[in-house]
Amino acid sequence: MIWRLPFCLFNRHRSDPASVRWDGSRHVGICRDCKAPVRKSSRGYWKRLDE
């Protein structure tokens, strides 16, 4: 949704439940709004995957 894009700019994403996978050390997926790869942080938020 377009109104959610400002959250993505501040690194607060929403994952697409169908894309979430466990990679052996963390949950990774795709953001519903901006389609960026994201990871689940230790606090439970979804953040951009930096690799």
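For Arg48, the salt bridge (charged side-chain N to carboxylate O under 4.0 Å, His left out) test picks out no residue, with sequence neighbours left out. For Asp16, the side chain to side chain donor-acceptor pair (under 3.5 Å) criterion is met by no residue, not counting sequence neighbours. For Ser25, the side chain to side chain donor-acceptor pair (under 3.5 Å) partners at least two apart in sequence or on another chain are Asp23. In this structure Ser41 satisfies the side chain to side chain contact (heavy atoms under 4.5 Å, CB included) test together with Arg39, Arg43, Tyr45, Lys47, sequence neighbours excluded.
Shown here for Val38 and Ser15, the closest heavy-atom pair between the two residues is CG2-CB, 4.4 Å. Trp46 and Gly29 get closest at one heavy-atom pair: CZ3-N, 4.3 Å. Taking all atoms of both residues into account, the shortest heavy-atom contact from Ile30 to Pro37 is CD1-CA, 4.2 Å.
If you chain together ILVMFWY residues whose side-chain heavy atoms come under 4.5 Å of each other, Val28 ends up grouped with Leu49.
Of the possible polar contacts, none joining the Arg12 side chain to the Leu9 backbone as a donor-acceptor pair under 3.5 Å is found.
Judged as a ring pair (Phe, Tyr, Trp, His ring centres under 6.0 Å), the pairs with a partner in residues 18-41 (not counting sequence neighbours) are, in order, Trp22-His27.
In this structure, SG on Cys34 lies 5.0 Å from NE2 on His13, to the nearest 0.5 angstrom.
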